[in-house]
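Step one of this worksheet: look at the structure below.
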There are 2 protein chains.
Amino acid sequence: MTDPSGPLEPRELRAWMAFLAAGHLLDHEVERQLKRDGGLSHPEFEVLLKLGVADGNRLRMSDLARLVMVSKSRLTYQVTQLERAGLVRRTACDSDRRAVWAELTPEGAATIERVRPGHRRVVREALIEVLTPDEIDLLGEALSRVAERLLAR
Amino acid sequence: MTDPSGPLEPRELRAWMAFLAAGHLLDHEVERQLKRDGGLSHPEFEVLLKLGVADGNRLRMSDLARLVMVSKSRLTYQVTQLERAGLVRRTACDSDRRAVWAELTPEGAATIERVRPGHRRVVREALIEVLTPDEIDLLGEALSRVAERLLAR
DNA sequence: TCCAGTTAGTTCAGTTTTGAACCTTCAAGG
DNA sequence: CCTTGAAGGTTCAAAACTGAACTAACTGGA
């Protein structure tokens with residue numbers, strides 16, 4: 001029974017530090033590619049992706065915020081930027097007049113397609129190809145649990 | 001032989017998405033705790049930690065930047081903030097007059113000690129305790145490789 | 001029907017981050 | 001000694017982010 005606020009074991013520390021480092025570096029790499037190939041930030045790209053797989057290519061702002069894991073005000077900002085770039089459009093929601101649809105435009109869909117190949121390549125080269133198939137499965141399994149657990153609070 | 005820019009396999013996609021989600025959520029949690037217990041941001045805390053384990057509790061700005069994985073200008077800003085808060089002090093470097101030491105003050109060391117228990121608790125509860133010992137080892141192993149690989153470019 | 005409590009989204013002011021431009025100092029080779 | 005190029009840091013203006021305050025609209029109960 002270890003002290004819940006005492007030092008981490010070396011192996012635990014290693015896992016945490018590797019997680020942080022890999023996160024920083026991977027995100028940096030992804031950001032670079034997205035900016036280069038499409039002038040997008042990573043959060044912006046995630047917004048486009050979520051809209052791309054949504055029913056009718058649209059989502060309400062608050063659902064979108066939850067999916068992308070971003071604050072409401074931040075999403076407002078990002079969607080405004082994407083709207084300015086013509087990649088997303090805002091529409092009124094008939095059934096709830098407080099709500100706002102964020103909808104992917106054809107240009108937005110085209111942008112996804114243009115940027116995605118490079119994005120996939122980055123994820124492959126930096127993450128997937130460095131891991132064995134077993135590690136990939138275990139990582140997905142373990143980190144899904146971590147995320148799930150944090151969501152359920 | 002899969003197309004290097006084609007879609008990811010479902011399990012690969014799952015690993016990537018879990019990695020992103022866990023990263024977002026964990027960071028959010030850590031940020032919350034640090035702000036609450038010590039008025040610090042996560043990057044600021046990482047700066048203090050690196051200084052805390054360094055020889056003589058001090059590092060040059062550029063070494064510090066590399067260790068914390070932030071840009072030079074960002075570090076300049078953060079160290080200025082920490083200096084303003086009295087947690088860090090800048091000193092001239094005799095052997096290289098371009099260089100600047102960032103040095104942990106006693107108040108900075110005290111702040112680490114004050115904040116660390118809560119920080120550890122967060123990491124434990126959100127990450128460590130959700131994983132089996134095997135998963136922890138494998139995560140450390142695998143993600144270290146990912147980070148290392150990205151550093152070596 | 002009304003009101004109290006929620007929820008959706010935006011706004012705003014203040015803070016942080018970015019990236020390029022800019023000094024200064026160093027190091028290596030003529 | 002002089003260059004010349006690279007390295008250490010800072011600066012600045014523009015862009016992005018944060019959290020709290022706010023408006024408007026929904027919901028359920030008295």
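We name chains A, B, ... by the order of the sequence lines, and we start the count at 1 in each one.
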Could you check B:Lys35 against B:Thr76 and say which one's nearest nucleotide on DNA chain D is further toward the 5' end?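 Its nearest nucleotide lies further toward 5', so the answer is B:Thr76.
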Toward the 5' end of DNA chain D, which comes first, A:Lys72 or B:Leu59, by nearest nucleotide?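 The residue mapped nearer the 5' terminus is B:Leu59.
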Check if the side chain of B:Arg98 and the base of D:dA7 share a donor-acceptor pair of N or O atoms closer than 3.5 Å.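 Yes, the side chain and the base share a sub-3.5 Å donor-acceptor pair.
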Any donor-acceptor pair under 3.5 Å joining the side chain of A:Ser73 to the base of D:dG19?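 Under the 3.5 Å cut-off, the side chain and the base do form a donor-acceptor pair.
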Look at the rings of B:Phe19 and A:Phe19 and say which category their plane angle falls in: under 30° parallel, 30 to 60° tilted, over 60° perpendicular.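 Because their plane-to-plane angle is over 60°, the rings of B:Phe19 and A:Phe19 count as perpendicular.
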Starting at CG of B:Leu25, measure out to CG of B:Leu127 and round the result to the nearest 0.5 Å.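 Answer rounded to 0.5 Å: 12.0 Å.
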How long is the straight-line distance from CD of A:Glu9 back to CG of B:Asp137, given to the nearest 0.5 Å?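 If we round to the nearest 0.5 Å, B:Asp137:CG and A:Glu9:CD are 10.5 Å apart.
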Need one value for B:Arg90: base, sugar-phosphate or nothing, where a base atom within 4.0 Å counts as base even if backbone is also close, heavy atoms only.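 Touches sugar-phosphate only.
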Kindly point out which of C:dT17, C:dG9, C:dC26 is positioned nearest to the side chain of B:Arg74?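 So the nucleotide nearest the side chain must be C:dT17.
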Picking from C:dT17, D:dG9, C:dA8, which would you name as closest to the side chain of B:Ser62?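 Nearest nucleotide to the side chain: D:dG9.
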Protein-nucleotide distance (A:Arg66, atom CZ; C:dT7, atom P), rounded to Å: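 In whole Å, C:dT7 P lies 12 Å from A:Arg66 CZ.
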DNA chain C: B:Ser95 or A:Met61, which has the more 5' nearest nucleotide?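 Comparing both residues, the 5'-ward one is A:Met61.
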